[in-house]
Amino acid sequence: MQDYLQGLNERQKEAVLHIDGPLMIIAGAGSGKTKVLTTRIAHLMACGVDAFNILALTFTNKAAREMKERIELILGNGEARNLYIGTFHSVFARILRGEAHRLGYPSNFTIYDTDDAKNVVKTVINEMNLDDKHYKPNTVYNRISSAKNALVTAEEYANDYSIQQEDMRSNRPAIAKIFDAYTRRCFKNGAMDFDDLLIKMYELLKNFPDALSKYQRKFKYILIDEYQDTNPAQYEIIKLLGAMHENVCVVGDDAQSIYSFRGATIENILQFQKDYDDVKVVKLEQNYRSTQNILNVANEVISHNKGQIEKTLFTENTEGERIRLVRTMSDNEEGKFVADTIQEQKLRNHFNNKDFAILYRTNAQSRAFEEALRRMGIAYTIYGGISFYQRKEIKDYIAYLRILVNPNDEESLKRIINYPARGIGKTSIDRILLAANENNISFWQVLERAREFGFKAGTLEAIENFVLMIKSFASMLGHKNAYEVAMHVGKQTNFVRELFNDKSTEGVARYENIQELLNSIKEWVDNGSGTVMPIVMDEDGFIIEDEEEDTPVEEGLFTRDKPADDNAVESAEDKNIADDTDRSLGSYLQQITLLTDADEKSADADTVKLMTIHAAKGLEFGCVFAAGLEENLFPNAMSINTREELEEERRLFYVVVTRAKQKLWITYANSRYRFGSLIQNDPSRFISEIPEEYLDKSYAGGGFRNSSGFSPQRSAFERMNGGGFGNAERQAEKRYGPPPGRSKTATPEYLSPKPQNKVIEHTPSASFVASDTSNLKAGQKVEHQKFGFGEVINVEGSAQNPVALVKFELNGEKKIMLNYAKLRIVS
DNA sequence: ATGGTCCATCTTTTT
DNA sequence: GATGGACCAT
């Protein structure tokens, strides 16, 4: 009857069929965890549980979307759309939007991403007259964030003895004060950072009993994915939400806990069993993903960790091939090897691009692979890096939109108050900030009341024009949809036109990004119910004015064709959760901040996937390259100081190994570029933890054909001599191109040589006298005081401001503005 | 006020 | 090797 149960093993069935009461599923890698979760939700619904009463929390939007799709596939009745499935952050953001007023926030609160948040920290540090060389915004922010993840308030932080001791020891006693100031500032800005989305949710449930009971009654069944990666804040929220019905189901694998840097703690798994009287525990130990060899390696490696929940992963899959261990001389060769191998495997075994993944410890490692793949003409997709919405031009545009919805958002205001330049420079901005702080009003309020603060006439006019402009934009919110408002803003502010007129490669790309943004807003508006919700304005916000004339569309401004291969903007609707019908600009803005790179890219495209191991959690690939297995890189130098850190690195290694279904390569390079300079690394200690019988080392030999056979440790000689260029190196060079020192200097033909930044100083001739250059012509030889001798290539620019392009013997081509620079005409 | 150039710092992982 | 900040020239 219930055919969705077919194809489940006994353990899986047990988990699916358990309906009421707390349930903990310990799911080994590749044991069908997602299948169990989705089937369980489908089963709940088949048993009569209303979709509206089910809450499922995941760690990525993508996981949420996929889960919903799979449930719909099982049920096929359209009910899945009513489920409340999403990431912790996006689900809570949506709830808080409706409840913000209770906590003193505007419903259109801005969500600050990490960059925004760090800027606030920096502002605060500077205003406190602290040295931001010592109080590095990055470091301070991380410390604050860790505290927040552990539900430690600024006050508790200041009063906690051991925390204070720590800060004293690092000579940063003011962090507590910064924390406090930062918190106040965000509140004043009407903004929440990522951590606030959890904390405020917690405060809402904790301090407002009616809110608590409302959501407890709504969410009768709660499911949590990747439970091993929850932090204390998330844990407390789940505990509160689940307290009424105790129908909480958590799925996790302690061996895959890799987010402790974000405050996650495995303790939550152990604690779960203590929180409820009768927790049913189901262990999924059969792996359906990988070959026996791969699984053996994974089990072997993880056994080097001390504390873990007892379980044994097994598989009925074939033994498979041995894991290939590959050594290369440099990071570039590593890239070349991987690209070569992918090409070869595609031909020999009929793999597609999408069967391959290149996984690494740090984002910076992607470059070498990127270059090699491009050279081979293999299509690839990089995940990680900066998301579409973090690009500068996009953030600027978004900043305009944010202000319309929340004028107190100081960070966004500062971003665009003088972009494009409108005569409100740094000095003025500092004065505005001062006035805001002295009068305890917001940045925006100072602008509105600029007259009272004695700005210079020109500045005052510029400010008043700016305020007028923003207000006129904001007046559209009540009757125009997000797309219309965004278009209008783009046209009126001139900054899109500036980008349009910039014909450089980057300029064109930026312009296209803006277009893409506008398209995505349009899509988002159209895919919704079509109703544009009126924006609720704050009393200190805008005056809503009456209908204004539509500006006619300007020719050529938005008429370029959209690139056909664009997959960066997927249907925005998919990202929404169940009962979302709010199509206001405010709702749009809150969503996009929570989107990541992975949400914007299609996983189905036939491309090789490049990403960090963290980003690869939960995914699987036919062929996996685990790259950069070197000491200091993986395990990372930052994480080898305590056993806990090292064990987490090892779990990370476990994760990368278990991503592979059929084939696994482990690669490492003797040397690689870091900070632009070459460094040497020993092979990772994790390599030596793999029993030899599982390894194929035919590519790792090279320089190690000595009596002791393979040795992951380089000889003392090799270390002392920094690798050198011995016989093995020359062999490798033959196969994989020149070593980095040389290959680095090769500039691709299609790029003109980069202008030299370093000026080779020239001592002017004793007879140097500047000539009259008003009739300068191409072909003439000239001397420049700094750049030396050269030949005029051409003279361009206007008659008022002629510019000569001169090719100097020592310093290459330079543009010389004849009105200012002094040139001596030699001939 | 603006815009360009030079220097320091950064890199662990992410919602 | 990039990015933001400081500094300088216009």
Side-chain angles (χ1 to χ4, degrees), chain A residues 57-64 86-93 111-115 117-119 122 126 132-133 136-139 142 145 148-149 192-198 226 229-231 233-234 257-264 359-367 383-387 390 392 418-429 456 458-459 462 591 593-599 611-617 628 632-640 645 648-649 651-652 655-656 673-677 744 754-759 801 814-815 817 819-821:
Chain A
L57 296 172
T58 62
F59 271 79
T60 63
N61 295 296
K62 201 166 130 241
T87 64
F88 280 88
H89 290 85
S90 68
V91 167
F92 296 165
I111 298 175
Y112 280 162
D113 66 19
T114 313
D115 288 335
K118 284 178 186 169
N119 285 335
K122 193 169 177 183
N126 290 333
D132 65 5
K133 288 280 187 310
K136 292 191 183 128
N138 213 352
T139 316
N142 285 335
S145 179
K148 291 171 89 164
N149 279 320
M192 296 192 196
D193 64 17
F194 286 148
D195 303 323
D196 284 331
L197 293 174
L198 306 179
E226 310 281 13
D229 288 328
T230 51
N231 62 33
Q234 291 163 325
S257 164
I258 54 176
Y259 279 102
S260 71
F261 70 95
R262 232 170 72 189
L359 308 178
Y360 35 77
R361 178 68 235 272
T362 66
N363 281 307
Q365 287 167 259
S366 68
R367 177 173 301 274
Y383 292 81
I386 58 164
S387 132
Q390 286 173 316
K392 197 177 291 163
N418 203 31
Y419 182 71
R422 47 175 73 88
I424 309 174
K426 195 176 176 310
T427 328
S428 305
I429 292 175
K456 275 194 303 187
T459 312
Q591 297 202 19
T593 314
L594 297 173
L595 293 181
T596 62
D597 197 35
D599 301 317
M611 64 187 92
T612 63
I613 300 167
H614 283 90
K617 197 175 62 152
N632 294 328
L633 183 60
F634 189 16
N636 196 272
M638 309 294 295
S639 310
I640 47 178
E645 285 173 349
E648 178 145 324
E649 293 288 301
R651 289 194 294 269
L652 208 46
V655 168
V656 72
Y673 274 92
R674 222 176 171 191
F675 307 124
S677 59
K744 267 282 172 189
K754 275 187 190 164
Q756 277 180 292
N757 289 332
K758 272 241 165 59
V759 172
N801 187 22
K814 299 271 180 201
K815 283 188 173 157
M817 296 171 86
N819 286 350
Y820 307 117

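Convention: sequence-line order gives letters A, B, ...; per-chain numbering from 1.
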Which is true for [X] with a 4.0 Å heavy-atom rule: it touches a base, it touches only sugar-phosphate, or it touches nothing?
{"X": "Phe59(A)", "result": "sugar-phosphate"}
{"X": "Asp195(A)", "result": "nothing"}
{"X": "Phe634(A)", "result": "nothing"}
{"X": "Asn363(A)", "result": "sugar-phosphate"}
{"X": "Ser428(A)", "result": "sugar-phosphate"}

Any side-chain N or O of [X] less than 4.0 Å from the OP1 or OP2 oxygen of [N]?
{"X": "Thr427(A)", "N": "dA1(B)", "value": "yes"}
{"X": "Asn418(A)", "N": "dT2(B)", "value": "yes"}
{"X": "Asn231(A)", "N": "dT15(B)", "value": "no"}
{"X": "Thr60(A)", "N": "dT14(B)", "value": "no"}

Every protein N/O within reach of nucleotides 5-8 of chain C N/O, cut-off under 3.5 Å:
residue : atom : partner   : partner atom : Å
dG5(C)  : OP1  : Lys122(A) : NZ           : 3.0

Worksheet entry | For Glu226(A), all residues meeting salt bridge (Lys or Arg N to Asp or Glu O under 4.0 Å), sequence neighbours excluded |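 Lys33(A), Lys617(A).
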Worksheet entry | Length of the CZ-P vector between Phe261(A) and dT13(B), whole Å |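 Atom-to-atom, Phe261(A) to dT13(B), this comes out as 8 Å.
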